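A quick note: this is a predicted structure, and the numbers were derived from the prediction, not measured.
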Protein chains: 2
Amino acid sequence: MKINEGVEWAVHCCLNLSWVAPDRTVTAAKLAAFYNLPTAYLNKQLQALGRAGIVSSISGPRGGFQLARRPEKITLMDVIAAIEGPEQAFRCTAIRQRGPAGDLDAADGYRKPCAVSQAMRTAEFVWRKELASRTVADIKAAVERSTPQAPARVRRWFDNSRT
Amino acid sequence: MKINEGVEWAVHCCLNLSWVAPDRTVTAAKLAAFYNLPTAYLNKQLQALGRAGIVSSISGPRGGFQLARRPEKITLMDVIAAIEGPEQAFRCTAIRQRGPAGDLDAADGYRKPCAVSQAMRTAEFVWRKELASRTVADIKAAVERSTPQAPARVRRWFDNSRT
DNA sequence: GAATAGGTACTCGGATAATGCCTGTCCGAGTCTAGTGGG
DNA sequence: CCCACTAGACTCGGACAGGCATTATCCGAGTACCTATTC
């Protein structure tokens, strides 16, 4: 059980995009250089964010990525769903129905839900709900509170790095 | 992000062990046959449960596994921790501190916690808490409520399968 | 001098390898049982 | 008849391969910009 590290990258990229001018585009290369990340792989993650409608991309010179919505409208759950895909972490393989034990279930036509699966899904649901309640704007505000100079610094770095 | 399917197997095995006589041992082969699972691999998961103190194992003829504590004392979190290991699902790789961006953090001696990591950990914590509040006994009760004949049937099957 | 056409450089986008973890399997160590021989 | 010993079989336990998802990389499609040429 491990969350793709692309999720961490994606959230940080959303933050950085929220600090540069809203209409400015930032290339994947710049975003990667900021954290010493592999450019092409980060680009892949940004593509996923694009497909999810979190960022919009522009090709060609002066192209790059920018947030497609306001940070208040981007939840951590959105980002995770974009990177990780729609699958649940816990996948019920219905082992109840395999082997001799299955007869009991078969008699019921598999109507009864699996209590194990239910409990796991409930737990996963509270996790998702918590993540859905946190927006990029919340994280942004938290960072600005603990490190007030961060936004200006990030903005300056991305401005200066433009040759 | 995917939970090892051994977790599902382990919980079902704990349930079955809770239904046979408390002092009876059940071999990994029997538990595997009940769901048509690969015996050796299930054995591996049961070993993990053993190391975590959830089941106890006895070698040799008439050996096998049995619950090491009462079902009320075994939470789903215990089982998951036993199978998945102690690692968190979200692992902060501290990308903040890598590359040019790191200078800002370095100036602070990395004192400020990463807001992204904090949010992810909070979400994971509610997940863990939910799982820690569900015991095997709870699942057991839920199954017995929806399928009252299950316990007797399981018990009978494991008794009969003893040649 | 202005406009246009062509070339060039730059960026995203998806297709293509390499790596690591999860899944699956195997054989050895230990232990209980049962049978056998002796007292 | 009872006991001790030995051989056997059975089970867990950890060490050893295979498959798939994640990680990483590369090259092509498309676009904007710049330049040179022409009116």
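Residue contacts for A:G64: at a heavy-atom cut-off of 4.0 Å it reaches the sugar-phosphate backbone alone, with no base atom in range.
With rounding to whole Å, A:K2 atom NZ is found 16 Å from C:dT19 atom P. When the C1' atom of D:dG19 is taken as reference, atom CD of B:E5 falls 13 Å away, rounded to whole Å. The CG atom of B:L42 sits 12 Å away from the P atom of C:dT25 (whole-angstrom rounding). Residue B:L49 contributes atom CG, which lies 13 Å from atom P of D:dG14 at whole-angstrom precision. Straight-line distance from the NZ atom of B:K44 to the P atom of C:dC26: 14 Å, rounded to whole Å. Atom CZ of A:R24 and atom C1' of C:dT11 are 15 Å apart (whole Å). Summarising the geometry, the separation between CD on A:Q45 and P on D:dT23 is reported as 7 Å, rounded to the nearest angstrom. Whole-Å rounding puts the A:Y35 OH to D:dA24 C1' distance at 20 Å.
The residue among A:P61 and A:N43 whose nearest nucleotide of DNA chain D lies closer to the 5′ end is A:N43. Residues A:R91 and B:I58 each lie close to DNA chain D; by heavy-atom proximity, the contact nearer the 5' end of the strand is made by B:I58.
For the side-chain contact (heavy atoms from CB on, under 4.5 Å) with A:L131, the lone residue among A:V79, A:I80, A:T75, A:V126 that qualifies is A:I80.
Taking 4.0 angstrom as the limit, A:R51 places a side-chain polar atom (N or O) nearer than this to OP1 or OP2 of C:dG14.
Looking at the side chain of A:N4, the nearest of the listed nucleotides C:dC22, C:dC12, D:dT22 is D:dT22. The side chain of A:A28 has C:dC12 as its nearest neighbour among C:dC12, D:dC12, C:dG24. Out of C:dC26, D:dT22, D:dA24, the shortest distance to the side chain of B:A40 is found at C:dC26. Checking D:dA24, D:dG13, C:dC12 against the side-chain heavy atoms of A:F65 singles out C:dC12 as nearest. Proximity note for A:Y41 (side chain, C-beta onward) versus C:dG24, D:dA9, D:dT23: the nearest is D:dT23.
Under the 3.5 Å distance criterion, the side-chain polar atoms of A:T25 are matched with a main-chain donor or acceptor of A:R62.
Using a cutoff of 4.0 Å between basic side-chain nitrogens and carboxylate oxygens, B:K73 and B:D78 are not scored as salt-bridged.
B:T93 and A:E8 share a side-chain donor-acceptor pair at under 3.5 Å.
Pairing each heavy atom of A:L76 with each of B:M120, the nearest pair is CD1-SD, 4.2 Å.
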